[in-house]
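Numbering of ligands and ligand atoms starts at 1, following listing order. Throughout, numbering of the chain's residues begins at 1 and tracks the sequence.
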Amino acid sequence: MLEVAILSGSAFGAAEEVARHAEAQLRAAGLDARHLPDIGLDALLALDPQALLVVTSTTGMGEVPDDLQALLDEIDGWQPDWRGRPVAVIGLGDSNYGENFCAAALQAHALLLKLGMRDVQSQLQLDASETVTPAEDAEPWLARLVANLR
Ligand SMILES: Cc1cc2nc3c(=O)[nH]c(=O)nc-3n(C[C@H](O)[C@H](O)[C@H](O)COP(=O)(O)O)c2cc1C
């Protein structure tokens, strides 16, 4: 059983970098957290994560990056029973995309809440038009996540 599975969706690597940084921070805080890029649903179900952290950018016009979309489709099709398990989401986007700002993170979040997962804190949205250090910017939010998962 895995304590926290960190899933990522990334077109050009920024969200993956944030996910790796989050894994290091959560592990340093003593949580059994693992970043699982490109994992499929079967392997994820086998790990039986007690909580999910999703870190995803938005690509195209409000689209989920391919590496996460495949897993979200599987989750939507299978509807795993993760009721009550904590979920938290970090979105990377660019507010110049207007109404599509962080659309992928919002979509992933909505799907996981539809499964009955428990929202532990409001979504962190990192705006590429305002910061070039998203991994460091996520640190205070991740510190709160650690406290909320305890
Ligand atoms: C082709 C392209 C399309 C994008 N589309 C959106 C979008 O629809 N909404 C948004 O909030 N950000 C959008 N962005 C901004 C990215 O989400 C942002 O730069 C993010 O930090 C990239 O992370 P990544 O390297 O993990 O993909 C887009 C960026 C590119 C290059």
One finds that the ligand 1 atoms under 4.0 Å from a non-hydrogen atom of Ala11 are 24 (P), 26 (O), 27 (O)
Residue and atom name of the nearest protein heavy atom (relative to atom 31 (C) of ligand 1), distance in Å to one decimal:
Phe12 CE1, 3.5 Å
Any Ala103 heavy atom less than 4.0 Å from ligand 1:
no
Counting heavy atoms under 4.0 Å, the part of Ala15 that contacts ligand 1 is both
For atom 26 (O) of ligand 1, what is the nearest protein heavy atom, given as residue, atom name and distance?
Ser10 OG, 2.5 Å
Near Arg83 CZ, under 6.0 Å, is it more than 12 heavy atoms from other residues, nucleotides or ligands?
no
When distances are taken from atom 22 (C) of ligand 1, the protein heavy atom at minimum range is Ser57 CB, 3.8 Å
What residue and atom, counting heavy atoms only, is the protein's closest point to atom 11 (O) of ligand 1, and at what distance?
Cys102 N, 2.8 Å
State which residue, out of Val4, Val120, Leu31, fulfils the side chain to side chain contact (heavy atoms under 4.5 Å, CB included) condition with Leu145.
Val120
Donor + acceptor pair across side chains of Glu136, His21 (<3.5 Å)
no
Heavy-atom count check: over 12 atoms from other residues, nucleotides or ligands less than 6.0 Å from Arg34 CZ?
no
Can Arg20 and Glu17 be counted as an ion pair, charged N to O under 4.0 angstrom?
yes
Would you confirm whether Thr58, through its side chain, and Ala104, through its main-chain N or O, come within 3.5 Å as a donor-acceptor pair?
yes
May I ask which of Leu126, Val55, Thr58, Leu106 has a heavy atom nearer to atom 6 (C) of ligand 1 than the others do?
Thr58
Atom 15 (C) of ligand 1: the protein heavy-atom neighbour that sits closest, reported with distance to 0.1 Å:
Asp94 CB, 3.7 Å
Any non-hydrogen atom of Gly62 lying under 4.0 Å from ligand 1?
yes
Ligand 1 versus Met61: contacting region, heavy-atom distance under 4.0 Å:
backbone
Just need the protein heavy atom nearest to atom 9 (N) of ligand 1, so name the residue and atom and give the distance.
Asn100 O, 2.9 Å
For a 4.5 angstrom cut-off between non-hydrogen side-chain atoms, does Pro37 reach Ser8?
yes
Which heavy atom of the protein is the closest neighbour of atom 25 (O) of ligand 1, given with residue, atom name and distance?
Ala14 N, 2.9 Å
Tell me: protein heavy atom nearest atom 19 (O) of ligand 1, and distance?
Ala128 CB, 3.8 Å
Check: Gln125 and Leu106 side chains under 4.5 Å, non-hydrogen atoms:
yes
For ligand 1, does Tyr97 get within less than 4.0 Å through its side chain, its backbone, both, or neither, judged by non-hydrogen atoms?
side chain
I'd like to check Asp76 versus Lys114 (side-chain heavy atoms, cut-off strictly below 4.5 Å). Are they in contact?
yes
Regarding ligand 1, does Gly13 bring an N or O atom to under 3.5 Å of one of the ligand's N or O atoms?
yes
State, with a plain yes or no, whether a side-chain heavy atom of Leu52 is found less than 4.5 Å away from one of Arg85.
no
